[in-house]
There are 2 protein chains.
Amino acid sequence: MSTSFQPHRAGDLHFLKRLNRSAILEQIRRTPGLTRADIATQAQLTKATVGGGVQSLLKQGWLREGELQKSNGGRPGRSLYLNDQHYAMLGAEVGVHGLRLVACTLSGELLASHHEHLVPTTPEVTAELLAELLQTLMASPVFAGRHCLGLGIALPGPIDPTTPVLRRAPNLGWRDIRFLELLSPHLPQMTGVWIMDNEAKSAAFGELYFRTGQIPDSLVYVSAGTGIGSGMVEGSHPPLISRGLQGLAGEIGHTVLQPGGLYCHCGNRGCAETLVSGWSIRAALGIAEEENLIEAILPRLHEEQVQLTLRRAGEALGTLLLNLHHTQNPSEIVLGGSLVQLGAPLLDPALAFFNAHQNRLLGTRHQVPLRVIEDSTFIAARGAAAQVLASVIHGPSDLI
Amino acid sequence: MSTSFQPHRAGDLHFLKRLNRSAILEQIRRTPGLTRADIATQAQLTKATVGGGVQSLLKQGWLREGELQKSNGGRPGRSLYLNDQHYAMLGAEVGVHGLRLVACTLSGELLASHHEHLVPTTPEVTAELLAELLQTLMASPVFAGRHCLGLGIALPGPIDPTTPVLRRAPNLGWRDIRFLELLSPHLPQMTGVWIMDNEAKSAAFGELYFRTGQIPDSLVYVSAGTGIGSGMVEGSHPPLISRGLQGLAGEIGHTVLQPGGLYCHCGNRGCAETLVSGWSIRAALGIAEEENLIEAILPRLHEEQVQLTLRRAGEALGTLLLNLHHTQNPSEIVLGGSLVQLGAPLLDPALAFFNAHQNRLLGTRHQVPLRVIEDSTFIAARGAAAQVLASVIHGPSDLI
DNA sequence: TCATCTTGGTACTGACAATGAACGAACCCT
DNA sequence: AGGGTTCGTTCATTGTCAGTACCAAGATGA
């Protein structure tokens, strides 16, 4: 049974203090350069409370003071920014094509990154290698002197959110892996939060969380690679990742688009992945596992069969986006993953279909913003790092 | 643009007090019969704090004391329950087949209900009639002496959550209706919260919120009637309704199940509603608008054409449920709406398909609970009343 | 029967966070 | 130079929760 027995939140004065500190931090994170007075107005706190909170956050290295703002008749306010010098988070993604590691600042800027090209073997060996690479990353000079808030790992498959355990990663051949438990023995000195999540969900989280200024209410990240997955984040405080009971939320590659269609590796028929995914495109064009899919296709784009295959896949992708629109209706859709590199022959039919049909129901002209990320190499790893930060800011940590 | 500028929550001492009061109330709401000591343990508050909070909630009429519990070695605790005598909420649904009104208690029990069979005409006339019926309901003896917390209205179509405005109700022929603004002039004495939401979303909320004991983390309500819609609720505190940017979340009737299929009234092709919905079944069997669909079909269940039509519709419904499972993965699915009354010929194929395919991806034997509601007449109206209660408990009201 | 044990609930004091008003700081304008 | 305005801090006050002590009410056992 799925019974979160989490009693309704209650708290003491300490809790209230932390709540207000993290509210202040959130405000500055979202709109860098605010003054104490701005925060007091927006958060409905008194100047005194904000002043105290800002002082403690400055002392603990979360914030830094910036320039004086323009005066508008009186004493000018002092701009406040996140202090990117004192803390850092680590994020990593285990993917079919290798390990991707990042270290990043509170603002989401990459301090260092590393892409190790390899095909992961067993979980144990992969964990050991990843640990080694993480050690190297932490030893790099840009990281020096920073306090590490924790480590987030993004994995390509549904993760049962309670344990957490990676239930299934078809492209790695892994099942029921508690990856963090394999990793932690190799990283004894790692302090802070440990996070493990699905790559599309981590990516979605990062894309929303590291945004400043105009922040969408919700965001879906669609990861189009060997398989197709998605992650949805809703912009409450903190943004909430929809994971579902068994971590199956966002498994849009296995929604049925063509009842009675081709068999999918999951055993069902007509799944979206049979129409659009790295493996189905491989199968349609007879490209061997050993070859890099993108590199194999790019020189063949002029071939009619390739164009037809990609156009059909693109239309299926467009249908998938439309179905997302009518199921979750996110404020913004972000499209990433290796298939994006195939460019217009795949994406044009997808976007054309989506844009042509998304407004039929309401008859409006408003288009849901859809952003395509050309290079999504470190997006999921960075998102996992974002989850670490959010967990520290909003969780039970004592660092704030 | 979709920018919720809602600053991150911060608060003062008053806010903290309210938070703890509402936490106590929530606990008792979820598991009636708790003692002060139980609450203190579960909510991590001291006995003193809980004692004070309970006292004020008793005085304000939210709680009542019940029987003494069995002693287990010491002084027996006093059970606490919601006080169903002092407050009440109103809920109403405007549907194609009529107006449904309820008055209900804090526990979700119906004090009174009324079903006015009619086909709604213009929004203005409907609002006036509804107001009149609500007045009658409030005048009924069971309602007497209760303080009304507010009124919730459920409507059959996507609602833009910001305004809120009913964007489109194809089955009523309404567009861009601010129904609450039409209603409020006719109900000058109505105090409290005003809520307006989509019927499937209200229903989902009520099904989750009025549950006691084992509460699922998330729930999807699928409303199968003239059209097909759904609502998703996630069990945070308070449960969060997924509405989406334009209120299109849950418009699963317009997800494409059959690319290039039949034209739907929305202008797209192959929407789920072209395969399973009241209107598509009508069309397939040549049943006129004037006839009641269910009454027309039930005597004809033995006909082969009817059976075939319902089986195909059932399979489409099963596919829809499967796609929901792989997109949102709710902890529980509740199926309601008038089509449920068609019974096994429609539902058996749906459930068979869903159950046969839902576990393929993970290879587990765990079945997501799917509950079928035979009589969903007042489900949405009751859910709208639940939204009123939640809004009072968790919102900025001063009643707690 | 009565003292003792155990648990439930309340009263009082102290700790502590936010408030509110007053004040100093820094800039603008005339 | 001086008044007006806005920013940020200081300090006494207020209000809430924690902790302890205490009372209440039943169980247990001699």
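Below, all heavy atoms of this structure are taken into account, side chains as well, without hydrogens, waters or symmetry copies.
The stretch residues 69-81 of chain A comes close to DNA chain D through A:Asn72, A:Gly73, A:Gly74, A:Arg75, A:Pro76, A:Gly77, A:Arg78, each having a heavy atom under 4.0 Å from the strand.
Atom P of nucleotide C:dC16 and atom CG of B:Leu16 are separated by 16 Å, given to the nearest angstrom. To the nearest angstrom, P of D:dA18 lies 12 Å from CZ of A:Phe15. Rounded to an integer number of Å, the gap from CG of A:Leu13 to C1' of C:dT19 is 13 Å. B:Asp12 has its CG atom 15 Å from the C1' atom of D:dC17, to the nearest Å. Note: CG (B:Leu45) to P (C:dT10) measures 15 Å, nearest angstrom. Atom P of nucleotide C:dA18 and atom NZ of B:Lys17 are separated by 17 Å, given to the nearest angstrom. When rounded to the nearest whole Å, the span between CD of B:Glu67 and P of C:dG8 equals 15 Å. Straight-line distance from the CD1 atom of B:Ile39 to the P atom of C:dG8: 12 Å, rounded to whole Å.
In this structure, A:Thr46 reaches the C:dT19 phosphate: one of its side-chain N or O atoms is under 4.0 Å from OP1 or OP2. Taking side-chain N and O atoms only, A:Asn20 has no distance below 4.0 Å to OP1 or OP2 of C:dA17.
The pair A:Glu26-A:Arg30 meets the salt-bridge criterion, with a side-chain N (NZ, NE, NH1 or NH2) lying under 4.0 Å from an Asp/Glu carboxylate O. The pair B:Asp197-B:Arg243 meets the salt-bridge criterion, since a charged nitrogen lies less than 4.0 angstrom from a carboxylate oxygen.
In the set D:dG8, C:dA17, C:dG20, D:dG8 carries the atom at the smallest distance from any side-chain atom of A:Ala37.
The cationic atom of B:Arg29 (NZ for Lys, CZ for Arg) lies less than 6.0 Å from the six-membered ring centre of B:Tyr209 and within 45° of the ring axis.
A residue-by-residue look at A:Asp38 and A:Ala48 shows that A:Asp38 has its nearest nucleotide of DNA chain D further toward the 5' end. Sequence order on DNA chain C of the closest nucleotides to A:Leu68 and A:His14 puts A:His14 first from the 5' end.
Among the protein residues, A:Lys47 comes within range of the nucleic acid bases, having at least one heavy atom under 4.0 Å from a base atom.
One N or O on the side chain of A:Ser218 and one on the backbone of A:Ser331 form a donor-acceptor pair closer than 3.5 Å. Looking only at distances, a side-chain donor or acceptor of A:Ser79 sits under 3.5 Å from a matching main-chain atom of A:Glu67.
One distance of note links CD1 of B:Ile28 with OG of B:Ser107; it measures 11.5 Å at 0.5 Å rounding.
Remark: the B:Asp38 side chain and the B:Thr35 side chain contain an N/O donor-acceptor pair separated by less than 3.5 Å.
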